Amino acid sequence: MHKITSVIKVLFRQTAKKYPVFFVLKTVRMLVVAAMPFISLFISPLIVDEIVGDRDVNRLITLAALLIGLEVIFQLLNDLCTNYVNRYSTRIERYFDILIGRHVMELDFQLTEDKEALEQIEKARTGMSWYSGGVDGISDQFFQFVGNVIKAAGFITILAMYAPILLVVMVVYSCVNALFMYKCNKVGIEAFAKLSKVNRLFSYFGWAIVEPRYGKDIRLYDAVGMMLDSWKENTRKSNSHWKWQGDTNFPFMLASEYLSLGRSIFAYFYVALLAIRKIISVGTFAQLIAAESGLDYAIGGIVQNVTELIKRCNYAYEYVVFMDYPGALTKGTRPIEKKQHEIEFRHVSFAYPKTERKVLDDVNIKIAPGEHLSIVGLNGAGKTTFIKLLCRLYDPTEGEILVDGVDIREYDYDQYMEQFAPVFQDFKLFAFSVKENIAFTDDTADITALTDRVGLHDFVTGLDKGADTNIFKFFDEEGVEPSGGEQQKIAIARALCKDAPVVILDEPTAALDPIAEYEIYKQFNSLVGGKSAFYISHRLSSCQFCDRIAVFSDGHIAEYGTHAELEKIEGGIYAEMFEAQAKYYKD
Ligand code: ADP
């Protein structure tokens with residue numbers, strides 16, 4: 001019950017705020033549909049009694065015209081409302097897609113790597129469309145339920161007046177039938193839980209297969225077989241869930257059919273008996289038979305609406321849960337200015353969520369305002385993790401990170417994020433224009449100076465629409481596919497455009513040779529000027545223009561100092577790495 005009320009409250013409130021007319025239309029349609037069966041229910045018996053009795057032609061014509069006229073008007077009203085409601089349905093579905101999408105993008109980063117949170121996103125998405133029918137599907141059931149209750153109340157009144165025993169039979173029948181429907185519904189909910197995992201895998205396959213980045217590996221490593229085998233295995237699992245649902249529900253469906261047949265036979269015999277004994281007129285006989293089947297239909301509708309509502313709300317509840325998903329980080333309110341900062345890691349240790357191994361172990365370091373720090377070390381030493389903690393993508397498991405002497409958890413999260421402009425190794429460009437990729441806006445701001453500074457002058461001027469040219473061909477057939485190097489420069493321009501006090505390069509150049517990387521880092525360093533900068537690399541060529549170097553090894557800072565200092569440490573990691581790598585760039 002809690003799920004139904006919270007889903008209806010949340011969904012209806014969010015929809016009504018944006019599209020209030022939708023509910024007005026649905027209410028009018030519900031009242032029209034509820035009134036429709038009563039037109040014939042009250043007028044038809046009068047016609048029948050007139051035919052059997054006085055046979056006054058004028059009265060017969062008037063009654064028939066009234067019956068047809070009212071039915072046409074009500075049907076017209078129903079069609080009109082349906083037409084307008086349908087126009088809103090897709091809009092509302094898109095609106096909730098946007099709400100989910102926005103929440104996904106605003107979710108704490110660490111949850112985007114969390115299996116449970118990812119599953120919750122998928123459940124929210126499918127729960128809000130596929131299974132529940134979204135707001136349209138749920139509100140349909142809700143309004144049909146209210147309409148059916150109104151209809152049932154009318155039919156019950158008629159039956160109570162002329163055939164109370166039939167009413168008792170109807171009630172007993174309906175209770176047993178409701179039980180069958182409830183069982184079927186429970187099976188449906190269980191199947192949904194099992195299917196959401198399977199569907200997540202389906203959407204991964206669907207996505208991975210069309211991604212050009214996967215395309216190369218799929219072809220070169222002949223991954224087609226592996227992908228198709230997994231796909232088949234998933235299809236088998238999905239089919240077996242659907243089969244299980246069908247097989248389990250079949251006996252309940254069958255029992256319900258036979259029960260309904262028995263009830264109809266009883267109704268006809270009983271009402272015919274009343275008519276034969278002249279307790280009721282022929283017109284009332286017809287009215288009671290119509291009321292009986294109408295009530296059966298209305299109660300069936302109510303049971304169906306309630307079970308559907310429970311089922312649909314259970315699915316859509318995943319949306320409510322997701323929109324309320326607890327954050328992974330502590331967020332403070334302390335303001336932070338955009339200026340040079342002193343940064344300190346104090347006894348910081350960190351293990352990724354749901355893992356035991358300490359990826360960072362008692363890291364201590366203090367970086368002065370405006371200092372340029374090079375972070376080096378072998379792959380897996382913890383360099384990126386160090387940056388992720390500084391950028392608050394994760395919080396330390398132990399210890400604290402201080403910015404200007406204050407634990408970073410105390411700062412206002414959004415303002416804190418304003419302080420950093422990182423370029424990560426796995427940076428991503430969006431399928432929007434070059435300008436939007438750099439400035440995140442398509443306004444008239446001129447980014448020419450910036451693109452020139454990072455060496456993109458020829459690239460941009462060579463494009464038909466300059467910086468307004470779309471990157472990739474997702475949305476635009478004329479879109480450009482920048483080379484790896486050009487993509488890096490765009491990402492670097494993006495970091496510079498943010499104009500944050502702390503800039504970070506986390507090996508976005510890993511695919512380049514050491515000399516090319518050195519050139520990019522050196523150029524970037526001159527563009528950065530007096531800002532604080534962190535340069536990550538496992539190559540030492542990129543260290544030489546930095547004030548200090550921190551050598552990471554197995555999650556801790558093994559050596560720390562200037563190039564000249566570290567080079568001298570006998571048997572030191574830095575000295576050995578430098579010696580080993582020097583041959584690449586001695587020339
Ligand atoms: P580096 O940048 O020095 O190459 P990272 O900081 O990326 O190293 O990784 C340090 C260790 O943390 C590695 O062993 C890596 O496998 C592990 N790691 C990185 N990201 C995650 C994650 N999201 N979940 C679990 N372990 C991770």
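These numbers come from a predicted model, not from an experiment. Whatever order the structure lists them in is the order used to number ligands and atoms, beginning at 1.
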K383 neighbourhood, listing ligand 1 atoms whose heavy-atom distance to it stays under 4.0 Å: 1 (P), 2 (O), 3 (O), 4 (O), 6 (O), 8 (O)
Do the side chains of E398 and K358 get close enough for a salt bridge, i.e. N-O under 4.0 angstrom? yes
By number and element, which atoms of ligand 1 are closer than 4.0 Å to a non-hydrogen atom of T385? 5 (P), 6 (O), 9 (O), 10 (C)
With heavy atoms of N379 as the reference, note each atom of ligand 1 found under 4.0 Å away. 4 (O)
Between F578 and E567, is there a side-chain heavy-atom distance shorter than 4.5 Å? yes
Does the side chain of Y394 pick up a donor-acceptor pair with the side chain of T385 at under 3.5 Å? no
Between D404 and H341, is any side-chain donor less than 3.5 angstrom from a side-chain acceptor? yes
Can you report which non-hydrogen protein atom sits closest to atom 7 (O) of ligand 1, along with the distance? T384 CB, 3.6 Å
For ligand 1, is L378 a contact, meaning one of its heavy atoms is under 4.0 Å away? yes
Touching ligand 1 at all, G380? Heavy atoms, strictly under 4.0 Å? yes
Only one of E579, H563, E565 clears side-chain hydrogen bond (donor to acceptor under 3.5 Å, both in side chains) with Y574; which? H563
Ionic contact status for E486 with K489, cut-off 4.0 Å: no
With the threshold set at 4.0 Å, does a side-chain nitrogen-carboxylate oxygen contact exist between K473 and D476? no
Any pair counted as side chain to side chain donor-acceptor pair (under 3.5 Å), so long as it reaches residues 318-334, sequence neighbours left out: Q14-Y319, D108-K331, Q120-E318, R334-E410
Test item, R357 contacting ligand 1 (heavy atom, 4.0 angstrom): yes
Regarding ligand 1, does T355 bring an N or O atom to under 3.5 Å of one of the ligand's N or O atoms? no
Just need the protein heavy atom nearest to atom 24 (N) of ligand 1, so name the residue and atom and give the distance. Y352 CG, 3.4 Å
Can you tell me which residue and heavy atom of the protein come closest to atom 11 (C) of ligand 1, and the distance to 0.1 Å? V359 CG1, 3.5 Å
Within 4.0 Å of some non-hydrogen atom of E113, the atoms of ligand 1 are 23 (N)
May I ask you to test the F424-I387 pair for a side-chain heavy-atom distance under 4.5 Å? yes
G382 heavy atoms, cut-off 4.0 Å: which ligand 1 atoms fall inside? 1 (P), 3 (O), 6 (O), 8 (O), 10 (C)
I'd like to check whether A381 has a polar contact with ligand 1, where a contact means an N/O of the residue lying under 3.5 Å from an N/O of the ligand. yes
